[in-house]
Undergrad: 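Below you will find the structure I want to go over with you.
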Amino acid sequence: MSAPVQPPEARVASEHPEAAGYRAGRTLPLRVEAMRQLRRRRTLLMGGVLAALPFILIIAFAIGGTPDGEDGGGGRGGGSRINLMDVATESAANFAATSLFVSAGFLLVIPVALFCGDTVASEASWSSLRYLLAAPVPRVRLLWSKLVVALGFSLAAMVLLPVVALAAGTAAYGWGPLKLPTGGALSAGDTVPRLAIVVAFIFVSQLVTAGLAFWLSTKTDAPLGAVGGAVFLTIVGNVLDAVTALGSWRDFLPAHWQFAWADALQPQLEWGGMIKGAAVSVTYALILFALAFRGFSRKDIVS
């Protein structure tokens, strides 16, 4: 009497130690991780802060009168300086550009550090990291899912600010061309594409902060330490960039190019400063992400 024929999935299960139907690539889907992060209180709080900033600026301009700035922050490492504050209330486009300017140097650093620095360290602080790996979720898959979601939320935070600013600015100041403090204006049709370039460059320039936060998140069980460490090192970079005695060495600092996006708000779009700044930021970020994956793959997970 011949032995019963086993179905293919039964033979696979008997020949391999993995559970039948297990696929490493299907563990911890991005949708599941995104919903977990979206429901967290810090995500909602950060979204509320960024959405409220344009309204705070509108109230400040209404109380203080016509804005009068001293330095528009354009072109450190990227072309001529412009003074966005002087024309902040000229149109919704000007208001959105000003909102990005006042927040790009520090405020937009916070969500990037928070989303990327809290993602792995928070699992360790909750003692749930080892259970995720025992599910089993491969370490590379776990880090990849968390990094993609963290970067996605960081980008969403940077998009949220100008979108709300455009809506609030249209209601407060009307829609119109983006007037340049150096003279001239960008047509209403060019405004949104130019602002999109600005947001894209700010996101790329913040990849260094993302890399620092993510790497620290794999090294510590304290989320606050990872987030605070990334913010602190970013501030150190800004301080070093202010030391003019460093001369051309500052070209290797990501902070040196953080306002190169001002070249996108010129009558003639210039890419030189933004390309250099993006190259510096991406290089540092890739090194930091590689260190995070390499270190985590060899780390003894006890929490």
Side-chain angles (χ1 to χ4, degrees), residues 50 53-54 56-58 60-61 66-109 112 154-155 157-207 238 241 250-251 253-282:
L50 292 174
L53 178 62
I56 295 174
L57 290 176
I58 289 175
F61 290 151
T66 303
D68 182 17
E70 294 181 357
D71 183 12
R76 183 185 292 172
S80 59
R81 289 185 177 275
I82 61 175
N83 195 334
L84 291 171
M85 292 298 294
D86 283 345
V87 292
T89 59
E90 294 292 333
S91 68
N94 284 91
F95 181 69
T98 302
S99 298
L100 286 170
F101 163 65
V102 300
S103 57
F106 182 74
L107 181 60
L108 289 180
V109 174
V112 176
S154 300
L155 178 59
M158 296 182 188
V159 172
L160 176 64
L161 177 62
V163 168
V164 174
L166 280 174
T170 300
Y173 311 118
W175 182 259
L178 194 156
K179 296 184 179 180
L180 304 175
T182 54
L186 297 177
S187 66
D190 291 336
T191 294
V192 173
R194 294 293 186 94
L195 289 177
I197 292 174
V198 170
V199 172
F201 178 78
I202 292 175
F203 174 72
V204 172
S205 67
Q206 293 297 341
L207 287 177
N238 290 331
D241 183 54
R250 295 187 300 162
D251 292 348
L253 296 173
H256 185 67
W257 307 97
Q258 63 179 331
F259 288 112
W261 54 263
D263 289 344
L265 302 182
Q266 302 287 353
Q268 184 65 37
L269 179 60
E270 298 179 8
W271 292 98
M274 288 187 286
I275 291 175
K276 292 178 182 178
V280 171
S281 297
V282 170

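Since the model is a prediction, treat every value here as computed from it, not as a measurement.
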Undergrad: Search all heavy atoms of Ala104 against all heavy atoms of Val109 and return the closest pair with its distance.
TA: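 Result for this residue pair: O-CG2, 4.3 Å.
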Undergrad: For residues Lys276 and Asp251, determine if any side-chain heavy atom of one lies less than 4.5 Å from a side-chain heavy atom of the other.
TA: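 A side-chain contact is absent here, since even the closest heavy-atom pair is not under 4.5 Å.
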Undergrad: Working to the nearest 0.5 angstrom, can you tell me the gap between Ile202 CD1 and Leu155 CG?
TA: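 Atom-to-atom, Ile202:CD1 and Leu155:CG are 11.0 Å apart.
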Undergrad: Tell me whether Ser103 contacts the main-chain N or O of Leu108 through its side chain, where contact means a donor paired with an acceptor under 3.5 Å.
TA: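 A pair under 3.5 Å: no.
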Undergrad: Do Leu107 and Leu161 have side chains that approach each other closer than 4.5 Å (heavy atoms only, starting at C-beta)?
TA: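 In short, these two side chains do not touch, never coming nearer than 4.5 Å.
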Undergrad: Does a side-chain heavy-atom distance below 4.5 Å link Gln258 with Asn238?
TA: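 Yes, their side chains come closer than 4.5 Å.
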Undergrad: Just verifying a value: how many Å separate Leu195 CG and Leu100 CG, rounded to the nearest 0.5 Å?
TA: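 Here the interatomic distance stands at 6.5 Å.
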Undergrad: Which heavy atom of Ser281 sits nearest a heavy atom of Pro254, and at what distance?
TA: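 What the structure gives for the nearest pair is OG-CB, 4.1 Å.
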Undergrad: Given 3.5 Å as the limit, does a donor-acceptor pair link the side chain of Arg194 with the main chain of Gln266, or not?
TA: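 Looks like yes, one N/O pair under 3.5 Å.
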Undergrad: Does the side-chain contact (heavy atoms from CB on, under 4.5 Å) test come out yes or no for Ile197 and Trp271, once each step is laid out?
TA: CA-CA 10 Å; Ile197 292 174; Trp271 292 98; 3.8 Å; yes
Undergrad: Between Leu50 and Val164, is a side-chain contact (heavy atoms from CB on, under 4.5 Å) present by the stated rule, with each step listed?
TA: CA-CA 9 Å; Leu50 292 174; Val164 174; over 6 Å; no
Undergrad: What's the shortest heavy-atom distance between Ala264 and Val198, and which atoms?
TA: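 Taking every non-hydrogen atom into account, CB-CG2, 4.0 Å.
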Undergrad: Is any side-chain heavy atom of Phe203 closer than 4.5 Å to one of Val112?
TA: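 Counting from C-beta outward, Val112 and Phe203 never come under 4.5 Å.
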Undergrad: CG of Leu186 to CG of Asn94: how many Å apart, nearest 0.5 Å?
TA: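 Between atom CG of Leu186 and atom CG of Asn94 there are 9.0 Å.
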Undergrad: Identify the heavy atoms of Ala92 and Trp175 that sit nearest to each other, and give their distance.
TA: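 Closest approach of Ala92 to Trp175, heavy atoms only: CB-CE3, 3.9 Å.
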Undergrad: Where does the angle between the aromatic ring planes of Phe95 and Phe61 fall among parallel (under 30°), tilted (30 to 60°) and perpendicular (over 60°)?
TA: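 The arrangement is perpendicular - the two ring planes meet at more than 60°.
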Undergrad: Could you pull out the closest heavy-atom pair between Leu253 and Val280, with the gap in Å?
TA: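 Here Leu253 and Val280 meet closest at C-CG1, 4.3 Å.
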Undergrad: Does Val87 form a side-chain contact (heavy atoms from CB on, under 4.5 Å) with Thr98? I'd like the steps, not just the answer.
TA: CA-CA 8 Å; Val87 292; Thr98 302; 5.8 Å; no
Undergrad: I need the minimum non-hydrogen distance between Ser91 and Pro177, along with the two atoms involved.
TA: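 Heavy atoms only, the tightest pair is OG-O, 3.0 Å.
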